[in-house]
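Everything on this sheet refers to the single structure shown next.
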There are 2 protein chains.
Amino acid sequence: MARVGLTTERLVRAGAELADEVGFDQVIVSELARRFGVKVASLYSHVKNSQDLKTRIALFALEELADLSADAVAGRAGKDALTAFANVYRDYAHAHPGRVAAARLRLDPETAAASAGVRLAQMMRAILRGYDLPEPDQTHAVRLLGSTFHGYASLEGAGGFSHSSPDSGASWTRILDALDSLLRNWPTPPSTG
Amino acid sequence: MARVGLTTERLVRAGAELADEVGFDQVIVSELARRFGVKVASLYSHVKNSQDLKTRIALFALEELADLSADAVAGRAGKDALTAFANVYRDYAHAHPGRVAAARLRLDPETAAASAGVRLAQMMRAILRGYDLPEPDQTHAVRLLGSTFHGYASLEGAGGFSHSSPDSGASWTRILDALDSLLRNWPTPPSTG
DNA sequence: CTAGTTTGCCTAAAAGCTTTAGGCAAATGC
DNA sequence: GCATTTGCCTAAAGCTTTTAGGCAAACTAG
């Protein structure tokens with residue numbers, strides 16, 4: 001009967017929107033089918049199963065995020081680049097809470113290695129080159145930045161900072177100042193004793 | 001028939017264990033019933049519904065975490081306190097991945113205000129007193145630390161840092177060094193221009 | 001333009017989860 | 001010992017996911 005024109009692509013996009021509306025863990029195959037005016041079983045020709053759908057949404061979100069970040073960082077360096085990168089992440093988290101949540105989905109190693117996540121990591125490394133840290137510390141710094149951005153967006157999204165002053169935006173700005181300052185004055189390991 | 005001795009308390013504890021085994025979002029009422037050798041409907045006398053159970057697990061985890069932290073921080077100050085606090089969080093996340101995930105559950109404001117989460121926040125403020133930052137910055141710093149610890153544990157738990165060198169423990173140590181250094185040399189807002 | 005193949009969406013059905021309603025029996029209290 | 005409370009039960013409805021098999025629409029020849 002009348003074909004709607006389902007596609008893996010379209011399902012994933014709709015899934016991302018659904019995630020933004022109801023939360024990533026409330027993404028439900030049957031709701032998606034409902035939205036397309038189609039029976040649930042029909043989706044299973046385009047997507048292996050619920051898990052597969054979620055993984056695809058995660059990869060899609062990572063891709064979007066990496067694209068936006070690449071744009072934002074292009075032509076910038078130092079604190080400018082750091083801020084631009086960080087803001088893309090936070091803005092994306094605000095605009096698309098479900099997708100960021102998706103981007104945090106645990107992927108199996110091969111999938112992760114083939115995802116846009118590595119592009120994001122490379123960008124962070126590129127930004128850090130502006131601060132020239134010795135090698136082992138560069139990795140530590142990547143992890144610090146990743147943790148902080150991720151954690152901040154996560155707590156902010158969970159409502160952790162709302163209804164308390166100073167407002168969350170102010171903290172974000174000062175935290176970026178602080179991280180920039182930290183990277184410019186990266187400490188050497190304290191001597192034990 | 002033979003009574004098993006169900007209790008809200010016991011259900012929550014078992015739920016926490018289940019969360020650690022299979023992940024917080026795989027905590028399922030029927031699995032819990034199975035483990036108690038009891039029919040599913042029986043749980044509904046002790047717990048309002050699935051959401052209620054999850055909320056209780058979250059509150060339980062926050063309580064545990066706050067207790068452990070309070071112990072660890074007692075009698076310490078400065079970097080010592082910071083490190084102790086941070087390590088409790090990370091160790092807890094390693095030992096109880098499901099519970100930390102639970103602790104990150106979005107709670108409605110009143111529930112959150114009555115939770116052990118506020119105790120955790122107070123402890124962080126107490127630790128920061130050792131670094132004496134001017135007031136607005138103290139809040140920013142609380143948020144930075146919270147985000148970083150939370151984010152690090154989250155990424156580490158998601159396998160983000162595994163199978164890449166240097167090992168995750170090394171980064172953690174250096175990140176704590178860096179945060180301590182940052183707090184001791186907290187920057188003033190850069191002048192715009 | 002028709003014949004054959006692919007592919008999209010369908011119906012049917014099994015199996016699992018959540019939640020409510022109502023009932024019997026065990027534990028508790030007087 | 002009797003009444004009440006409370007714990008666990010059965011039954012049932014309404015969701016969800018997932019597999020299997022079928023018909024028809026849309027491509028792909030010739």
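The nearest whole Å value for the distance from the CG atom in A/L6 to the C1' atom in C/dG8 is 8 Å. With rounding to whole Å, A/R3 atom CZ is found 4 Å from C/dG8 atom C1'. Between A/L11 atom CG and D/dT17 atom C1' there is a gap of 15 Å when expressed in whole angstrom units. When rounded to the nearest whole Å, the span between CG of B/L43 and P of D/dT10 equals 14 Å.
Under the ring pair (Phe, Tyr, Trp, His ring centres under 6.0 Å) criterion, B/F24 pairs with no residue, sequence neighbours left out. Shown here are the ring pair (Phe, Tyr, Trp, His ring centres under 6.0 Å) partners of B/Y44, two or more places apart in sequence or in another chain: there are none. Under the ring pair (Phe, Tyr, Trp, His ring centres under 6.0 Å) criterion, A/H46 pairs with no residue, sequence neighbours left out. Qualifying salt bridge (charged side-chain N to carboxylate O under 4.0 Å, His left out) partners for B/D67, counting only residues two or more places apart in sequence or in other chains: B/R119.
Ranking D/dA25, D/dT18, D/dC8 by closeness to the B/V4 side chain, first place goes to D/dC8.
Salt bridge A/R76/A/D80: present, at least one basic N to carboxylate O contact under 4.0 Å. Between B/E21 and B/R35, at least one side-chain N (NZ, or NE/NH1/NH2) sits under 4.0 Å from a carboxylate O, which counts as a salt bridge. Under a 4.0 Å N-O distance rule, the pair B/R90/B/E156 qualifies as a salt bridge.
Although no hydrogens or angles enter the test, the distance criterion places no donor-acceptor pair under 3.5 Å between the side chain of B/D137 and the main chain of B/L133.
For DNA chain D, the residues of residues 45-61 of chain B within the heavy-atom distance limit of 4.0 Å (strictly under) are B/S45, B/H46, sorted by number. Looking at residues 19-42 of chain A, you'll see A/V38, A/K39, A/A41, A/S42 sit with a heavy atom under 4.0 Å from some atom of DNA chain C.
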